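All figures in this text were calculated on a predicted structure; none of them were measured in a lab. Heavy atoms only: backbone and side chains are in, while hydrogens, waters and symmetry mates are out. Proteins get letters first, then strands, A, B, ... in listed order; numbering begins at 1 in each.
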Number of protein chains: 2
Amino acid sequence: MAEERATIYTVARAAGVSAQTVSRVLNGTGQVSAATRANVLAVIEAQGYRPNAVGRSLRASRTPMIGVVVADIGNPFYARLHRALERRLSGSGFSLMLMNSDDDPRAERRQLDLLRSYRPTGLVIVPSAGSSLGEADLRALGHVVSVSRVPEGVAVPAVVTNERAAVGEATAELLAHGHTEPAIVLGPAGASTSRAREQGFLAALGPGRRGHVRHTDGTRAGGQAAAADLLATRPAVTAMIGFNALVTEGIVSALQAAGRPCPQDMSVIGFTDAGWMTLHRPALTVIDQPVEEMGALAGRLLLDLAAGHGVDPGPHVVPSTLIRRASVAPPKEHTP
Amino acid sequence: MAEERATIYTVARAAGVSAQTVSRVLNGTGQVSAATRANVLAVIEAQGYRPNAVGRSLRASRTPMIGVVVADIGNPFYARLHRALERRLSGSGFSLMLMNSDDDPRAERRQLDLLRSYRPTGLVIVPSAGSSLGEADLRALGHVVSVSRVPEGVAVPAVVTNERAAVGEATAELLAHGHTEPAIVLGPAGASTSRAREQGFLAALGPGRRGHVRHTDGTRAGGQAAAADLLATRPAVTAMIGFNALVTEGIVSALQAAGRPCPQDMSVIGFTDAGWMTLHRPALTVIDQPVEEMGALAGRLLLDLAAGHGVDPGPHVVPSTLIRRASVAPPKEHTP
DNA sequence: CTGAAAGCGCTTACAG
DNA sequence: CTGAAAGCGCTTACAG
């Protein structure tokens, strides 16, 4: 039982072999006789030796670590994404480093600088709204895959959902129920998701109809403020689509505060399902986003890239589907 | 514009100084003349040099990284905790590595092994139910602080809430409304939080009264199953306390599925507030846990330890408070 | 199947 | 105020 800390050299010495042979046993590379291997493993066990990832990373000029930079860790979407990535990457030897950009390009840059100092193998990023990241910034971080949002002017493999079509379907659902002036409460104007959903909304409305578009910071407070403003200033609005679960919480909250029952006074459709949406009365109709599939696909793409395989830049589209529940009804004063 | 990758040596050469001087400028250690410093900084800028954290960590035998091991990243409690830690630690130069034990001691050990290979500065841990971690396991990870749950038989600084008193207050609230046989739907039996809350529950009931205790895995599905079982087999139960926001979701869901309105047929008190709890009708009475304060305190303790200061092992108690909303009412068939 | 040497990018004594 | 040398713990060629 050596007093000094176990390293590859203390193991090598005790096993009567070279450090290189210990390294081979550790990594399963090259050829080692069964007897030597068993002996080395016994010494490793006896010394309680654990390889030092830092030494390995320094030599390899790469750390088996994947950065995950998201816009708002308070949004359950990102907890689900992180969990899906972790599942997909577990067993591959990669660690995940989760970072929060708070949807601020400067915070994003700071986080990526820190991440970069670890020489990570790759990065899964949800670019912040108004992100100023260029090719060079991202290349310095190894393999990069974007999820949900697509970075502007930078070609990286992307995993997204069918934003336009999904919002189009939701908008059509509202029109079919007789709503003539629906509203959509989006996230930040600088996010590709906000742009795509706005386009899907306007395209489904068609040239003749009026629709209302609001941008928010994507939080509950933002959604609540936008909905309250619409309630106060746009009496013709009888239906709202929320950008994410948080914004939808804000919309529902604003309706309650204003004493405007859903769906009688206001139909609501959320984007990204959440546990409370089935508990709420009425249960919320929602565009169900396949977050787990998106995360798993992003993880697989990253693993492929790390293995040196080519990867289809996509964007890879994992479709969302509309789940009809009870928060959409014809408008009260519907005059066809 | 050098083709080779910028290192401390390429900077030193271009600036006409030694690597050691560049290191001093980088770290603000020792004395460097203003002129030399300016020159070095200019070269750093010109070469786009970024220090390699791996080289630094190897030399220092420590990585400025704090591991965060939680039981279930799907539980919003942990997203809030991570965010609070990140806030507290931002600017200190420490990175956070978030890991999920899924409340499984073997997964927990695997995650800690991986973390240990990075030679982290510290660890914030919510021990898994039935965790088998000993002093030696934790000491190998640097400075350790536990949050929410307390590890068994291991002395580390701990940050907790007033489990017993908070559940006692909630139980008293139910008794005051005339409930004679309340139930508590807990998390895993092996978690210190489950034990403490059970004690608080039973103590508040007193020796004369009957109460029901159920354990779950702490998920929505677990809460739903336990609540459904209580509904089916314990008709005398007229009030339930949920272990966390997820379990409380499950309870509410089971009540809806069984057609048993809250609070008429069943009073409900949650533990840890969540956005949907004010949206739900009736709005849920809840034991509001100060997650952000707990995370901030844990972060501060870790920073103190890392700075070499002594730290009171505690447990440091950040009290929860009961928020009375509308989900507690007298039982329907209350016969005093 | 196995080993001696070099080097990944830093910082820590030590010397001036 | 500044620098030459050594070493943190590994793995990569290279040689046998």
Side-chain angles (χ1 to χ4, degrees), chain A residues 2 4-41 43-44 47-65 93 114 116-121 140 142, chain B residues 2 4-41 43-44 47-65 93 114 116-121 140 142:
Chain A
E4 60 185 327
R5 184 163 45 204
T7 71
I8 204 167
Y9 281 102
T10 64
V11 172
R13 197 179 318 132
V17 299
S18 72
Q20 163 61 345
T21 292
V22 177
S23 173
R24 277 191 275 251
V25 170
L26 250 21
N27 296 290
T29 52
Q31 302 286 32
V32 184
S33 76
T36 304
R37 171 185 307 277
N39 182 27
V40 168
L41 288 174
V43 173
I44 285 173
Q47 295 196 355
Y49 167 72
R50 305 301 172 94
N52 182 325
V54 181
R56 193 193 313 239
S57 293
L58 182 58
R59 189 59 183 87
S61 302
R62 269 288 157 254
T63 303
M65 176 157 76
L114 181 56
R116 179 179 165 184
S117 73
Y118 283 105
R119 304 297 188 262
T121 302
Chain B
E4 61 186 326
R5 186 164 42 204
T7 71
I8 205 168
Y9 281 102
T10 64
V11 171
R13 198 179 318 133
V17 298
S18 72
Q20 163 61 345
T21 293
V22 177
S23 174
R24 277 191 275 252
V25 170
L26 250 21
N27 297 291
T29 52
Q31 302 286 33
V32 184
S33 77
T36 303
R37 169 185 308 277
N39 182 27
V40 167
L41 288 174
V43 173
I44 285 172
Q47 294 195 356
Y49 167 72
R50 305 301 171 93
N52 183 327
V54 181
R56 191 193 316 237
S57 293
L58 183 58
R59 189 60 183 87
S61 303
R62 270 285 159 255
T63 303
M65 176 157 75
L114 180 56
R116 178 179 166 185
S117 74
Y118 282 106
R119 303 297 187 264
T121 302

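For the atom pair OG1 (B:Thr10) and CZ (B:Arg13), the distance works out to 6.5 Å, reported to the nearest 0.5 Å. Considering CD1 of B:Ile8 and CZ of B:Arg56, their distance stands at 8.5 Å, rounded to 0.5 Å. From A:Arg119, atom CZ reaches atom CZ of A:Arg62 across 8.0 Å, with rounding to the nearest 0.5 Å. Going from atom CZ of B:Arg116 over to atom CG of A:Asn52 covers 10.5 Å, rounded to the nearest 0.5 Å.
Side-chain N/O atoms of A:Ser18 include none lying less than 4.0 angstrom from OP1 or OP2 on C:dA4. Look at B:Ser57 and you won't find any side-chain N or O under 4.0 angstrom from OP1 or OP2 of D:dC8.
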Q.
I'd like to compare against my own output: the B/S/- annotation of nucleotides 10-16 of chain D with a strict under-4.0 Å heavy-atom distance to protein.
A. BBBB---

Q. Run the side chain to side chain contact (heavy atoms under 4.5 Å, CB included) check on A:Leu41 and A:Val25 step by step: do they pass?
A. CA-CA 8 Å; A:Leu41 288 174; A:Val25 170; 3.8 Å; yes

(Q) If you apply the rule side chain to side chain contact (heavy atoms under 4.5 Å, CB included), what do you find for A:Thr36 with A:Asn39, and how did you get there? (A) CA-CA 5 Å; A:Thr36 304; A:Asn39 182 27; 5.7 Å; no

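Nucleic acid contact class of A:Val54 (heavy atoms, under 4.0 Å, all strands): none. Nucleic acid contact for B:Thr36: sugar-phosphate only, since backbone atoms but no base atoms lie under 4.0 Å from a heavy atom of the residue.
Of the candidate nucleotides D:dC1, C:dC1, C:dG3, D:dC1 has the atom nearest to the side chain of B:Ser33.
Across all non-hydrogen atoms, the minimal contact from A:Val54 to B:Tyr118 is CG2-O, 3.6 Å. Of all heavy-atom pairs spanning A:Thr121 and A:Pro64, the tightest one is OG1-CA, 3.5 Å.
A stem is defined here as three or more consecutive Watson-Crick or G-U pairs, each with both distances under 3.5 Å; for DNA chain D these stems are C:1-3 with D:14-16, C:5-12 with D:5-12, C:14-16 with D:1-3.
A:Asn39 places its CG atom 14 Å from the C1' atom of C:dT2, with the value rounded to the nearest Å.
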